[in-house]
Amino acid sequence: SVLFGKLSRSPRIGAAGREMSIFQTNRFVRFLRNYGPIPTNDNLFDEVIQRTLLRERIAPITLPVQFRDEILANLKSADPVSEILTGTAGDGKTYCCRSVWLACGGSETEWNGKSTVKTVSFDGRELIVIKDLSELAAEVSAPLLTRMAECVTSSDATTLFLVAANHGQLLEKLKATPKSAATIAMTQAVEATLVGDAVAPGVRLSLRDMSQAPAADMIGRVIEAMTNHPDWAQCEGCQAAGAGKCPIQENRDRIRGLADGDLLHRRLRALIMLSEQNGVHFPVRQLLMLAANLILGHPDCRDGLMTCADVPELAIKGTFDRASVFRNIFGENLPARRTEKIDLFRKLNAFGIGSEASRRVDNVLVYGADDPALAAAYGELVLNDPIYGGTSSYRRGQQDYLEGADTDARDEFLKMLRVQRQRVFFTLPDDRAEALSLWDLTIFRSGGLFLQVADLLAAKKTLPRNVLPVQVRGLNRIFTGMLLQTHDDLVLATSGSYSQSKTSPLLDEMISVPRKGGQKVELVANDTGGMVLEVRLSRGDDPGPIRLPLTPTRFEFLVRVSDGALPSSFSLECHEDLLAFKAKLLTATERERFLAADGDDETADDELVLQFIELDGEGQAAVRRVTVRL
């Protein structure tokens with residue numbers, strides 16, 4: 001039998017007829033389970049967490065509190081202003097408010113009371129905290145917001161507000177408040193701040209958007225706080241906690257990076273970073289759910305999540321491998337219908353990891369056991385992981401597949417192959433990633449290159465020589481509809497009409513990529529850790545560059561078009577975005593020509609010169625001038 005924790009006096013009989021010991025479970029594991037994707041995931045709400053911690057006598061999971069220090073510095077300054085914390089559900093707004101409340105002298109007991117509105121006095125001032133504006137009925141929120149508006153539009157700093165509200169709820173509550181000069185001024189200030197403008201003078205208000213915090217940085221802190229929690233000490237002395245004996249501990253060790261130097265964590269961070277650069281947000285609540293699912297996921301357990309009591313049964317059945325942390329990342333411990341409904345897993349499954357194939361990786365996974373040329377790679381990628389990699393079931397299924405087994409056996413092996421692709425993505429060493437085409441296991445085959453370029457731009461280092469030429473060549477093919485190889489110039493072309501023509505043979509401008517006469521095309525870093533393609537046209541008074549934010553999707557799109565893919569085969573939305581960018585460039589070049597005109601036009605009044613783009617023998621853009629007499 002598998003022993004766990006302290007044994008009781010009486011045994012019980014397991015499903016397989018073997019005797020198992022009754023044992024005490026780790027309370028923290030039971031607590032952690034409630035963070036996972038279960039119907040009653042009350043632990044995802046700060047108000048409920050505090051009550052559970054007291055009841056279970058568990059130390060809290062402590063995370064860095066975004067904006068806490070800045071808010072406290074403001075509230076305790078000589079000239080403080082009121083604060084609004086906004087963002088999406090699960091960003092930690094209530095968690096931050098509680099931390100500020102306690103730092104200002106509020107009590108834990110009062111905070112855990114039923115009231116949503118809290119008041120505390122400190123430094124001769126009164127702080128009114130609204131834990132969640134959306135919880136208040138209109139008849140309650142209206143007078144509070146009216147009072148807040150009067151405070152933020154006056155010079156009196158003795159009453160301050162700290163309000164937590166989701167984006168939509170904040171504006172809805174403000175617009176429902178009776179109109180006055182003060183409420184109108186505060187509403188306008190909030191609307192201006194949400195779109196990035198400065199708060200109008202005379203409004204003593206600071207708005208902080210918690211959804212802007214990079215989840216790629218937070219995921220590491222969440223994993224560290226969860227896996228290094230002091231209550232894991234309850235597992236000490238447990239005979240199931242040894243290597244390979246407890247899938248809960250195995251998964252905990254995997255995401256701690258004890259054996260791979262944080263490789264899994266770094267690859268997971270890369271996926272989240274790519275998602276964020278595509279405009280997809282991961283609230284802290286979802287990161288907590290993900291970390292709990294990584295540790296506890298198993299499809300054969302209730303709600304798809306393990307408890308300590310499940311471990312002996314799983315050992316008897318020999319199904320530890322189904323607890324693979326690499327499957328749990330994508331929610332495959334849950335029924336498909338549930339996974340599709342959970343926003344977190346929809347975001348991660350958008351990468352297609354498991355479904356997408358790298359020919360080199362698949363060769364190792366399928367033929368490595370029998371091919372001497374692949375034996376070393378097979379040993380490294382499969383056999384070195386006997387728990388989730390080279391299991392007996394996988395090797396048996398692999399052999400059946402190679403020997404031409406029936407359809408059911410073949411389909412079963414293909415399911416196992418999907419899981420192995422997921423595992424390889426998170427375990428393939430960095431020095432083998434390029435040789436085995438790691439990023440071909442995702443729909444973003446250039447995802448690794450995008451992250452590399454973003455890091456180099458942020459560090460102001462030189463980029464690989466082929467990066468900008470590939471992007472320019474992709475743009476040229478979209479702008480012209482021709483298979484141009486040109487990358488030293490950005491070829492701006494039109495079709496000569498407003499038709500929906502797929503090709504644009506008439507040259508408008510050849511914009512030099514290297515700096516020349518005020519023209520330049522370059523990649524620069526942006527404020528969010530991504531990149532922007534900038535085109536400068538000016539020959540005189542510089543109005544600033546025309547900018548195209550390069551999301552991972554647009555970056556991938558341009559790489560594929562540069563390699564020969566048809567624009568509409570990857571993303572029609574990207575194609576339309578780039579045509580809109582082309583329209584901005586055409587407007588800017590027309591402006592430049594107007595400013596540069598000096599009355600010395602050599603073209604006769606009765607002539608029209610057209611410049612046609614043609615391809616030379618090497619696929620470079622050549623210009624043929626045609627003069628039309630009017």
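Side-chain atoms are counted along with the backbone in the values below, which use heavy atoms only and exclude waters and symmetry mates.
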Practice problem: Apply side chain to side chain donor-acceptor pair (under 3.5 Å) to His281 and Asp91, showing your working. | Solution: CA-CA 10 Å; His281 177 54; Asp91 278 324; 2.6 Å; yes
Nearest 0.5 Å please: distance from the [atom1] atom of [X] over to the [atom2] atom of [Y].
| X | Y | atom1 | atom2 | value |
| --- | --- | --- | --- | --- |
| Met416 | Leu365 | CE | CG | 12.0 Å |
| Phe345 | Gln286 | CZ | CD | 9.5 Å |
| Glu412 | Tyr401 | CD | OH | 14.0 Å |
| Leu438 | Arg360 | CG | CZ | 12.0 Å |
| Asp262 | Arg267 | CG | CZ | 12.0 Å |
| Asp253 | Ile248 | CG | CD1 | 12.0 Å |

Practice problem: I would like to know whether Asn166 and Lys93 meet side chain to side chain contact (heavy atoms under 4.5 Å, CB included); could you show each step before the answer? | Solution: CA-CA 9 Å; Asn166 294 347; Lys93 300 181 293 295; 2.8 Å; yes
Quiz item: Do Leu348 and Leu290 pass the side chain to side chain contact (heavy atoms under 4.5 Å, CB included) test, and can you show the C-alpha distance, the side-chain angles, and the key distance before you say yes or no?
Solution: CA-CA 10 Å; Leu348 292 172; Leu290 176 60; 4.0 Å; yes
Quiz prompt | Trp111 six-ring face occupied by Lys131 cation (under 6.0 Å, within 45°) | solution = yes
Quiz prompt | More than 12 heavy atoms of other groups within 6.0 Å of Asp527 CG | solution =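 Not buried by this count: 12 neighbours or fewer within 6.0 Å.
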Quiz prompt | From CA spacing to verdict: side chain to side chain contact (heavy atoms under 4.5 Å, CB included), Leu296, Thr307 | solution = CA-CA 7 Å; Leu296 302 180; Thr307 63; over 6 Å; no
Looking at [X] and [Y], what are the two nearest heavy atoms and their distance?
| X | Y | result |
| --- | --- | --- |
| Pro429 | Leu381 | CD-CD2, 4.4 Å |
| Arg27 | Arg57 | NH2-O, 3.6 Å |
| Pro552 | Asn278 | CD-OD1, 3.3 Å |
| Val222 | Leu288 | CG1-CD2, 3.8 Å |
| Glu340 | Arg346 | O-NH1, 2.8 Å |
| Val366 | Leu402 | O-CD1, 3.6 Å |

Here's a test for you: under side chain to side chain contact (heavy atoms under 4.5 Å, CB included), which of [options] qualifies with [X]?
| X | options | value |
| --- | --- | --- |
| Leu287 | Ile223, Ile272, Leu344 | Ile272 |
| Phe450 | Phe555, Trp439, Phe444 | Phe555 |
| Phe67 | Val100, Leu85, Asp209 | Leu85 |

Are the side chains of [Y] and [X] in contact, using a 4.5 Å heavy-atom criterion?
| X | Y | value |
| --- | --- | --- |
| Thr319 | His298 | yes |
| Met289 | Ile342 | yes |
| Leu263 | Phe426 | no |
| Leu274 | Leu451 | yes |
| Pro299 | Glu332 | no |

Test: [X] and [Y] ion pair at under 4.0 Å:
| X | Y | value |
| --- | --- | --- |
| Arg269 | Asp217 | yes |
| Asp362 | Arg359 | no |
| Asp343 | Lys347 | yes |
| Glu356 | Arg421 | no |
| Glu108 | Arg98 | yes |
| Asp430 | Arg266 | yes |
| Asp303 | Arg33 | yes |
| Glu224 | Arg256 | no |

Practice problem: Decide yes or no on side chain to side chain contact (heavy atoms under 4.5 Å, CB included) for Gln234 and Asp231, but give the supporting numbers first. | Solution: CA-CA 6 Å; Gln234 295 179 44; Asp231 280 317; 3.5 Å; yes
Exercise. Could you pull out all residues at least two apart from Ser358 that satisfy side-chain hydrogen bond (donor to acceptor under 3.5 Å, both in side chains)?
Key: none
Donor-acceptor contact below 3.5 Å, side chain [X] vs main chain [Y]:
| X | Y | value |
| --- | --- | --- |
| Glu556 | Ser446 | yes |
| Asp406 | Ala409 | yes |
| Thr339 | Pro335 | yes |
| Ser107 | Glu110 | yes |
| Arg327 | Val419 | no |
| Ser324 | Tyr388 | no |

Self-check item: Pair Phe413 + Tyr394: ring centers closer than 6.0 Å
Solution: yes
Test item: side-chain donor near acceptor, [X] and [Y], under 3.5 Å:
| X | Y | answer |
| --- | --- | --- |
| Ser99 | Arg68 | yes |
| Arg208 | Thr86 | no |
| Ser393 | Thr391 | yes |
| Thr551 | Gln277 | no |
| Asn333 | Asn293 | yes |
| Asn363 | Tyr378 | no |

Quiz item: Does the salt bridge (charged side-chain N to carboxylate O under 4.0 Å, His left out) test come out yes or no for Glu250 and Lys245, once each step is laid out?
Solution: CA-CA 8 Å; Glu250 179 67 27; Lys245 296 180 181 179; over 6 Å; no
Exercise. Under the ring pair (Phe, Tyr, Trp, His ring centres under 6.0 Å) rule, what do Phe330 and Phe326 come out as? Steps first, then yes or no, please.
Key: CA-CA 8 Å; Phe330 305 101; Phe326 311 107; 9.7 Å; no
Quiz item: With sequence neighbours left out, what residues match Asp385 under salt bridge (charged side-chain N to carboxylate O under 4.0 Å, His left out)?
Solution: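 With neighbours one apart ignored, the set is Arg254, Arg423.
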Quiz item: How are the rings of Phe28 and Phe31 set relative to one another: parallel (under 30°), tilted (30 to 60°) or perpendicular (over 60°)?
Solution: tilted
